[in-house]
Structures are given as C-alpha cells and as structure tokens.
Amino acid sequence: MFKVFSLNSISVLVKFVVGFISGKVMAAYIGPHGMGIVGNWRTFFTTLENVATLGSSNGIIKYVSEYKTDTEKLKKFVATTTITLFFWSICISSVLFVFSGTISHYLCNSLDYEPIVKYTSVALPWYIASFVFMTILNGLQKFRLLILLNIASNILVLLLSVWIIMHHKISGAMFSISVVPAIMVCITLFFVWKNLNISLQNFQKIYVFRLLEFLAMSLASMLLLPLVQLYLRTYLVQQQSFEVAGYYEAISRISNYYMLFITTIISVYFFPKLATSTSNNETKTIFQDYFRTIIPVFFVGLVVLYFCRDFVINLLFTASFEPVSNLFLWQEIGDFFKAMSLILGFQFFAKKLTLPFIILEIVSITILLLLSLLFINIYGVKGMVIGYAVHYILYFLLLIIYFKNIIFKK
C-alpha cells in the first residue's frame, strides 16, 4: 500500500512538472493570444472527451471490480464496454469531421485550424480506447501498473508536445492536447490484452444498460460544466480578445496546478473513508478531519502564493502575462471555497445521492453562468474570476444547508 501511495505521489509530481514545462513552452512560443485559443480548444476537447466516454469511468471501475473474480462476466463486460464506446466515439468523430470548419471558426474565429479538428476526429476513437483500457486496469486494481503507465504517458506526451509546439506554434499546442495522447492506446492495449481477450462474440446488450446507469450523474458534472466554461470563454473573446482570454487561461492553469493536490488527497484518502462510513457521526468526523488538517495548510499556501504571484507568473509564463497578477485574489477566493466544497460534494458520490447531486449541480452551474456573464460585462476578464469566486461561495453555502444534519449534528 505504501508503494502505491508513493508511486501516486510521484505520478502527481510528474503531472505537475509536465504542466509546468508545457505551460512555459506555450507561453514562450504562442503568447497570451495563442493561450486564449488553446484554452478554448482545451475546454472543447474536455467536453468532447466527456461526451465520447458517456461519463462511464465510475461505472467501468465499479463493474470491473465487481466481476474480476468471475472471468466470463468480466470478459463480456469489458468487450461490451470497449466495443460500445469505440463505435460511439466513431460516431462523434464523424460529426467532428463533417463540421470541422464550423468548429474551428466558432472556437478560434478562423478556419486555419480546421485540419487540427480533422486530425482530432481521426485520433478520438483511439484516445477513447486508451481511456477505456486505463479505466479497466483501475477496476482490476492494478494500481502500480496504472500509475507507471500514467507517468510514462505524461513524459512521452511532454516530449512530443514540446517538439511540436516549438515547430508549429498554436497548431502544435492544439495537436498536443487532442491527438498526441492517443498514441498511448498502443501501450495500454498490450497490457489489457494480456489480461482479457476482447471479442465481438462477448458483446452483451445488458451490460450497455448497466453502464448507462451512471450516465445521468456523470453528465451533470462532466458535460454541463465544460459546456458552460466553453461558452463563457467564447463570450469573453467576443467581448474582449483572445489575448485577454489568454490571461484567464494562465490563471486557470496556475489554479489547476495546486488544486491537483487537493483533489488527489480527497480521492485517495478521504473519499474511501466517506464511502465506507456507516453513520452521520463518522461522516462528520471525516469532514472535521479535512477542515482541521487540509484547509488551514491550503489557506496558508494560497496566502504565500498571492504575495509571490509576480514571481510565479514570470516563473511559469513570461513577462507578457503580467496582467494575470490582477486575477489572483478572486481566483484564490474561489479556489478556497471550492476546496471546502469538494469534500462535501464527494459525499454525493460516496452515498450515491444521484437526484440531489444533479439538482444542485444544475443550480450551481446556472449560478456560475449568470454571475460570470454579469461580471464580464462590468469588469471584463476580471469578471470571470469574480463570478467564479461568488459562485463557489454560494455553492458552499448550499452544501452546508443540504448536509446540515451531518455538519451540525451534536
């Protein structure tokens, strides 16, 4: 177990270093304007990935874990999942290919990136296949292999990405996000095939319906939010410029770096405890443990980061990103309340509270959309982070109200 957690820590560190290097290279070679375009593309590809996988990650892990001692059921489920998602992703790819020009114009205000959209349509099924195989390994609890593959993937993608960004600038950065990761299918396929023989003969419709049980909950969190974020980014470009959107992409990347540690801590340590807790008192103790140990450290880290923000901007990006300094305060306020909300939000998954989760997500995302549009019209790019902060303050209060019987239980 210690080895697994140690490897996971290394994996997170590698992901952080990869993000740092790729961000620095992008900043140097494509500048704020290019970062704005790439930010739109990254958000679009996240949405595309969520649609193509049908939000099936948790479902795959659950059923692979459940069937791992029953070889026949496992083979049928894996075959059904792989075939279903592969052919579904081909359908998505076809739409992507046909409307490549429209998508390029909408995201980038130019048809220059239409070839990238087409390349992505070709790579998508293989990217999804790699996703499925990695998720299967997770369900089989081959954690050491999974973490090593993630580390190898990040390093390989980094090397290819740096080279292609240096030579092809914005197009290269977009290519590195959506096409380069698909090469991992060759490696993951080898390891999955060693464990299971995927065959059309093992396809069973019943497993498709079992997989779709997770669709509603996943779509609420994994599809609606990226779509709203994509709309807001596009709206910001229309109201301001891609250069200004590039500043927002920069602060988002910085936020993602440190939020990665929070999400990893919750996923690895706190979520399993929430899932196995049997009483409100036990759940309350877990919440208290998180708020007493993790949140104070996180708060101090945010304060230090704020006072070192100019140094961090120059370290991670270039001097042309100095306006990002004005976005730190509201971004960090939002991230602080997001960190406090995450532990409460994971309770929905731990106890399978599907309907309340969907309702709160829709309310939360609607608040984010309306507030961001309001503040963008008043404050420009700063309005994006103000809307983000106010949204998470309100979301945290909603969660406090919903879980009041646990939090305030005597």
Side-chain angles (χ1 to χ4, degrees), residues 2-30 34-35 38-39 41-42 45-46 48-49 53 57 116 119-120 122-138 140-195 249-250 252-265 267-268 312 315-318:
F2 175 76
K3 289 182 178 179
V4 169
F5 279 110
S6 297
L7 280 171
N8 186 66
S9 300
I10 295 172
S11 178
V12 171
L13 181 61
V14 168
K15 191 177 292 186
F16 177 83
V17 172
V18 165
F20 164 72
I21 296 174
S22 61
K24 186 72 175 180
V25 172
M26 281 191 204
Y29 282 88
I30 65 178
M35 287 282 276
V38 170
W41 178 249
R42 188 190 305 279
F45 185 70
T46 298
L48 188 68
E49 179 187 357
T53 60
S57 177
I116 300 298
Y119 293 146
T120 300
V122 175
L124 183 64
W126 307 106
Y127 178 87
I128 298 306
S130 178
F131 158 84
V132 173
F133 297 152
M134 293 286 272
T135 311
I136 289 170
L137 290 175
N138 194 346
L140 292 171
Q141 297 183 0
K142 295 184 177 294
F143 298 124
R144 186 173 185 275
L145 175 59
L146 182 67
I147 292 169
L148 289 173
L149 282 174
N150 272 319
I151 293 172
S153 170
N154 277 297
I155 293 173
L156 181 60
V157 168
L158 173 65
L159 295 174
L160 292 173
S161 298
V162 168
W163 183 86
I164 201 168
I165 291 169
M166 290 173 65
H167 288 82
H168 298 282
K169 307 298 189 292
I170 296 174
S171 295
M174 294 169 67
F175 191 89
S176 70
I177 290 169
S178 58
V179 179
V180 171
I183 62 175
M184 276 303 294
V185 71
C186 302
I187 301 173
T188 53
L189 179 61
F190 171 76
F191 286 105
V192 171
W193 210 276
K194 284 177 64 178
N195 291 280
E249 171 66 10
S252 296
R253 289 180 73 93
I254 293 171
S255 170
N256 290 339
Y257 293 151
Y258 56 73
M259 288 303 295
L260 178 64
F261 289 95
I262 288 289
T263 54
T264 300
I265 288 169
S267 299
V268 173
V312 170
L315 176 67
L316 297 178
F317 305 106
T318 62

If you round to the nearest 0.5 Å, how far is [atom2] of [Y] from [atom1] of [X]?
X    : Y    : atom1 : atom2 : answer
E49  : I177 : CD    : CD1   : 12.0 Å
S255 : R253 : OG    : CZ    : 12.0 Å
E249 : F317 : CD    : CZ    : 8.0 Å
L260 : F16  : CG    : CZ    : 9.0 Å
M26  : S176 : CE    : OG    : 4.5 Å
Y29  : H168 : OH    : NE2   : 13.0 Å

Legend entry - Worked verdict on L316 versus I254 for side chain to side chain contact (heavy atoms under 4.5 Å, CB included): CA-CA 8 Å; L316 297 178; I254 293 171; 3.7 Å; yes

Legend entry - Heavy atoms of other groups near F261 CZ, more than 12 under 6.0 Å: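 Count over threshold, so yes.
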
Legend entry - Y258, OH: over 12 other non-hydrogen atoms inside 6.0 angstrom: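 Result for OH/Y258: enclosed.
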
Ignoring hydrogens, what is the shortest heavy-atom contact between [X] and [Y]? Give both atom names and the distance.
X    : Y    : result
V38  : A173 : CG2-CB, 3.7 Å
M174 : I116 : CB-CG2, 3.8 Å
S178 : T120 : OG-OG1, 2.8 Å
G172 : I164 : O-CG2, 3.4 Å

Inset, instruction - Begin with the C-alpha distance, continue with both residues' side-chain angles, and end with the deciding distance and a verdict on side chain to side chain contact (heavy atoms under 4.5 Å, CB included) for W41 and I170. - result: CA-CA 10 Å; W41 178 249; I170 296 174; over 6 Å; no

Legend entry - Expected output: side-chain Y257 to main-chain G19 donor-acceptor under 3.5 Å: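 A pair under 3.5 Å: yes.
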
Legend entry - Whether K24 side chain and L315 backbone form a donor-acceptor pair below 3.5 Å: yes

Inset, instruction - Given side chain to side chain contact (heavy atoms under 4.5 Å, CB included), test L160 with W163 step by step and report yes or no. - result: CA-CA 5 Å; L160 292 173; W163 183 86; 5.9 Å; no

Legend entry - Pairwise side-chain contact, T135 with T53, heavy-atom cut-off 4.5 Å (strictly under): no

Legend entry - Candidate pair S22 and L158, rule side chain to side chain contact (heavy atoms under 4.5 Å, CB included), full reasoning: CA-CA 7 Å; S22 61; L158 173 65; 4.3 Å; yes

